[in-house]
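Scroll down for the structure; my scribbles are underneath it.
Order of listing sets the numbers, starting from 1, for every ligand and every atom in it.
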Amino acid sequence: MRKATFLTALALVLAVCVASMAHAGKLDDIKQRGKLICGVKDAVVPFGYVDEKTNQIVGMDIDVCKYIADKLGVGLELKPVTSATRIPMVAQGSIDIAAATMTHKYSRDDVIDFSITYFMDGQKLLVKKGGGIKSVADLAGKKVGTAKGSTSEKNIKTAQPQCKVLSFEGYPQAFLALKQGKVKAVTTDSTILLGLRNSDPNPEQWEIVGDYISAEPYGLGLVENDSDFRDFVNKSLAEMWVSGDYQKTYNKWFGPDTKYYLPLQWQMEIWPF
Ligand code: GLU
């Protein structure tokens, strides 16, 4: 081979390598694999929980994942996560998306990226009815249960520095502690508290009290620095909202015919298509 021909061939090989490196991202990985892997909660009604009849994980977060998987034209695999494991699992790549009641906070941006806001909530307290706790002020010197790795853990310490926070693996365990009298309240996002209360056999014994002590805008957790994938996820969420599919899905879990009725009171930020 003449030197000039050899150099041209080498340049071509290098160009192909660089081009394929530039395209090797999550979107290609997922399409090649044929399925989107989502990390979801499996004990947070009605965002992600095991349906007793089918033994499948279902919920609002699962339907959001399904919408994105359908847009990608791939199947969906669900992996259970907790508040403490979801960020490391996205960072390590064992899940493509964390759709797990996760608040987008700037401090969480250090390790992973987030989608636009796809759900809006705020933190409150779940207490025993008539138990004397009406607000965070009443929790001075009292024990409060929540989940390890949540924003709720930090927010309650700020809102009531004189309470003792007990952090559990998940919210059902914190609720059990409330039932056993080991804590005076469970604290987290109000819709999660609504799910705990209204899926209990005796909901009338429990009440959600106090003002919101935080704003909790939920984002989907995504791998750091993959803007093609992030753009795709954001556009899918926007399409879900604009097409009315989001509202349909929301009503399936939080509409007037459900046990968890909560009017939709916020709007997704939509950029023009
Ligand atoms: N949304 C809050 C958070 O991301 C509380 C709910 C949860 O633990 O998933 O930490």
- Query: When Glu207 is tested against each of Lys129, Lys128, Lys124, Lys134 for salt bridge (charged side-chain N to carboxylate O under 4.0 Å, His left out), which residue passes?
  - Reply: Lys134

Give a yes-or-no answer on whether the side chains of [X] and [Y] include a donor-acceptor pair shorter than 3.5 Å.
X	Y	result
Ser150	Ser83	no
Tyr171	Thr188	yes
Tyr250	Asp63	no

Identify the protein atoms, limited to N or O, that lie within less than 3.5 Å of an N or O atom of ligand 1, and list each pair with its distance to 0.1 Å.
from     : atom 1 : to     : atom 2 : distance (Å)
ligand 1 : 1 (N)  : Thr101 : O      : 2.8
ligand 1 : 1 (N)  : Thr103 : OG1    : 2.8
ligand 1 : 1 (N)  : Asp189 : OD2    : 2.6
ligand 1 : 4 (O)  : Arg86  : NH2    : 3.0
ligand 1 : 4 (O)  : Thr101 : O      : 3.3
ligand 1 : 4 (O)  : Thr103 : N      : 2.9
ligand 1 : 4 (O)  : Arg108 : NH1    : 3.0
ligand 1 : 8 (O)  : Ser83  : OG     : 2.6
ligand 1 : 8 (O)  : Tyr171 : OH     : 2.5
ligand 1 : 9 (O)  : Lys41  : NZ     : 2.8
ligand 1 : 9 (O)  : Ser83  : OG     : 3.4
ligand 1 : 9 (O)  : Arg86  : NH1    : 2.7
ligand 1 : 9 (O)  : Thr101 : O      : 3.2
ligand 1 : 9 (O)  : Thr101 : OG1    : 2.6
ligand 1 : 10 (O) : Arg86  : NH2    : 2.9
ligand 1 : 10 (O) : Arg108 : NH2    : 3.1
ligand 1 : 10 (O) : Thr151 : N      : 2.8
ligand 1 : 10 (O) : Thr151 : OG1    : 3.3

- Message: With a sphere of 6.0 Å drawn around CG of Asp211, does it hold more than 12 non-hydrogen atoms of other residues, nucleotides or ligands?
- Response: no

- Please say which of Val233, Val223, Leu222, Ile97 ends up in a side-chain contact (heavy atoms from CB on, under 4.5 Å) with Lys26. Val223

